[in-house]
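For reference, the structure is listed below as structure tokens.
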Protein chains: 2
Amino acid sequence: MATLSDVATRAGVSVSAVSRVLSEKPGVRVSVATRQRIHDAAKELNYRPNFTARALKSSRTHAVGLVVPGVTNAIFAELMRGVEEEARTKDYMVLIASTERLPEGEESIPRLMGEGRVDGVLVQFGDHLSGDDLRTVTDSGLPVISINTINPGKGGSVRVEDEAGMRLATEHLIELGHARIGYAGGVPTSESGQRRLAGFMEAMATAKLTVEPELVTDFGYYPKQGAQALDAMAELSTPPTAVVVANINAAHGVLSEARRLGIRVPEDMSIVAMHDTWTAEIAWPPLTCVRLPLYELGRAAMASLWDNINSGTAEDRVIADPAPELIVRESTAPPAR
Amino acid sequence: MATLSDVATRAGVSVSAVSRVLSEKPGVRVSVATRQRIHDAAKELNYRPNFTARALKSSRTHAVGLVVPGVTNAIFAELMRGVEEEARTKDYMVLIASTERLPEGEESIPRLMGEGRVDGVLVQFGDHLSGDDLRTVTDSGLPVISINTINPGKGGSVRVEDEAGMRLATEHLIELGHARIGYAGGVPTSESGQRRLAGFMEAMATAKLTVEPELVTDFGYYPKQGAQALDAMAELSTPPTAVVVANINAAHGVLSEARRLGIRVPEDMSIVAMHDTWTAEIAWPPLTCVRLPLYELGRAAMASLWDNINSGTAEDRVIADPAPELIVRESTAPPAR
DNA sequence: CTAGCATGATCAAACGATTGTTCACGAGTA
DNA sequence: TACTCGTGAACAATCGTTTGATCATGCTAG
């Protein structure tokens, strides 16, 4: 790898001259001839600035961390795609840090943040991490954008319209004629989960429908927990005729559990899920979903982080464009009556 | 952020003493008392070594690049999980570089490799990148491990038993009584695609079954291309009674296309797919698959890269443990006869 | 009594780039 | 002629660590 001084030697000039010419700062006084020789030498040696040296001098790594609960789900994938793409336009790289199955006392997150590896961090907290964890992250002093969680005081955040989305899902079932509607939500500590539940309650209240406490569960967003939720509801003397599932991953679990229990979807029970990933189409029956702009969320998160890094501004943004959209497939139908 | 010299000041010793003590090199002569003061000071200041400075001095970034065709599929997710986990045990971080939708003339890959950001690279080539691209990557001088592609001469590689896996899939159909079997493969330039096709041909030959050229397609590994393959076969005067799909993502496309065309699976046509990701279970019907050790492939790739980085060895490894395994679900059945 | 030596610690150079400061030189002015 | 000033370029310090070389000290051995 050619260094600045290699180029300088070849061009017969000083290192600083090369640095100034190649970094193209405005207002540098270098003659046209020298400039040319430097450019030629750089090209001939295929010079590329050394990232570590640059980072050390400028304390900018041009990398951000993306802390996510796991990488093996379609929601992450969409988010990730947005982050990646925005990062590319900003000339940044993305370091993935999965908090899935992190051994107790694992240091990787604090190290990621404390060792100057990244200029900032994007955090999406999963079910198994608490607000305390978020605080250790935001207290690190690094610019942080939290995804789908608004943290008090520190850092910025970016989220989607969970309430509106959930209202859309619930209203769809109500319009189909369902009255006894179940809710399979996220864990109680999840902020987005609380907002989604609120959206559900709101839609039910508006329609003057009562919400039986036994029909509201909060096991979590994973397939297994979706299955758990369905089990709990199926056990009731009169199970719901429809269920709103607050996350599509959980909805996949609901679907397989339904199959196992001999519950036909949508004949015996309608299912509508939050998030529209590509897996909704391959499921059977294809899932009726509410699309939230996850890709855009990823882009916005990265864009916000960039702003935060460069100007220290930290705002809480709600991504409302495109608005939540109901995508009707085959998992919902009018109740059997 | 506390630096070495902050710690040194606080402990009343020199910077080099601190460096030596904290890096715990064997055979450093430091008194117990000094050692203790240094450790105390470091703890009090919450000292963490600056990664960029370290990287500059040692030319080791403790980061590797993972170049993949895309991040929104379950195969990537499994692989990624393996890479991540192995990287963690090796104290390495993973930088994702997706080649999906890279604008023409994009510099991100060469830059990733040329600027000393990473100690090595893991490359999985997709359909849209050629052998030339692989060469530009391997020619960079960085340690490279290619995943599922053996590249001539340079770098190491790691792959799974494609032939054996494909034989397993094909034999399953043969055992069920199918004779007119279609094959939906990857693009012809794909090495793993060639191996899979070979496995298919081999199994057919062993069973003394003829392979009609019109039943062998090579559109690619994506859902749309799977759909395309099915379209081509469905047009034939006598379509196959079963199809081997060389990639589960393509198989999902086959399944939805079958639904669209009114082809019942498995009654009218059996489908067996390569790779067993979680999406196989949520599909309808749940897909009969051959499980290849993708997670282990990811781990092995990272482990090989680590070896390569540290000792310059480059070998071509085949991950045979666990062996390919047939997972029978509901997309295969005996032919209608 | 002093040369020799292990011990415990500091000095200082280096990694590659950035950047404020200085310097040499020739043109323009008094 | 002597002075200033602008121009084009080099000098040198710095970022935080690592590491070979050096040095001061107290002890043992000849």
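Numbered from 1 within each chain, the chains take letters A, B, ... in sequence-line order.
With respect to the salt-bridge test (charged N to carboxylate O, under 4.0 angstrom), the residues A/Arg81 and A/Glu84 do not qualify.
The nucleotide whose nearest atom lies closest to any side-chain atom of A/Ser14 is, among D/dA10, D/dA9, D/dT17, D/dA10. With C/dA17, D/dC15, C/dT19 as the choices, the nucleotide that has an atom nearest any side-chain atom of A/Leu56 turns out to be D/dC15. In this structure, the nucleotide among D/dT18, C/dA17, D/dT19 sitting nearest to the side chain of B/Leu4 is D/dT18.
The side chain of A/Ser23 places no N or O atom within less than 4.0 Å of a non-bridging phosphate oxygen (OP1 or OP2) of C/dT18. Neither OP1 nor OP2 of C/dT7 sits under 4.0 Å from any side-chain N or O of B/Ser31. At D/dT18, one or more side-chain N or O atoms of B/Ser19 fall inside 4.0 Å of OP1 or OP2 (strictly under the cut-off). For A/Lys57 and C/dG16, the shortest distance from a side-chain N or O to OP1 or OP2 is not below 4.0 Å. Considering only side-chain N and O atoms, A/Arg29 lies nowhere under 4.0 angstrom from the phosphate OP1 or OP2 of D/dA9.
In this structure, A/Arg37 places its CZ atom 7 Å from P of D/dA9, rounding to the nearest Å. Rounded to an integer number of Å, the gap from CG of B/Leu22 to C1' of D/dG16 is 13 Å. Taking atom NE2 of residue B/His62 and atom P of nucleotide D/dT18, one finds them 11 Å apart after rounding to whole Å. Counting to the nearest Å, the P atom of D/dT14 and the CG atom of B/Asn50 are 18 Å from each other. Counting to the nearest Å, the P atom of C/dT18 and the CZ atom of A/Arg60 are 14 Å from each other. One atom, OH of B/Tyr47, and another, C1' of D/dT18, lie 10 Å apart when rounded to the nearest Å. Atom pair B/Asp6:CG and D/dC15:P shows a separation of 11 Å (rounding to whole Å applied).
Counting distance only, with no hydrogens placed and no angle test, the side-chain atoms of A/Thr3 and the base atoms of C/dC15 include no donor-acceptor pair under 3.5 Å. Under 3.5 Å, the side chain of B/Arg20 and the base of D/dT17 form no donor-acceptor pair of N or O atoms.
Toward the 5′ end of DNA chain C lies the nearest nucleotide of B/Thr34, the other residue of the pair B/Ala53 and B/Thr34 mapping further downstream.
Within 4.0 Å (heavy atoms only), B/Phe51 reaches no atom of the nucleic acid at all. Looking at heavy-atom distances under 4.0 Å, B/Arg48 makes contact with sugar-phosphate atoms alone, never a base. Nucleic acid contact class of B/Val13 (heavy atoms, under 4.0 Å, all strands): sugar-phosphate only.
When atom types are taken as modelled, the side chain of B/Ser5 and the backbone of B/Val15 share no donor-acceptor pair closer than 3.5 angstrom. Distance alone, capped at 3.5 Å, places no donor-acceptor pair between the B/Ser157 side chain and the B/Ile147 backbone.
Proximity of B/Ile96 to A/Val94: side-chain heavy atoms (C-beta onward) are nowhere separated by under 4.5 Å. Contact of the B/Arg299 side chain with the B/Glu85 side chain is registered, since non-hydrogen atoms from C-beta on lie closer than 4.5 Å.
A donor atom on one side chain and an acceptor atom on the other are found under 3.5 Å apart for B/Tyr92 and B/Asp119.
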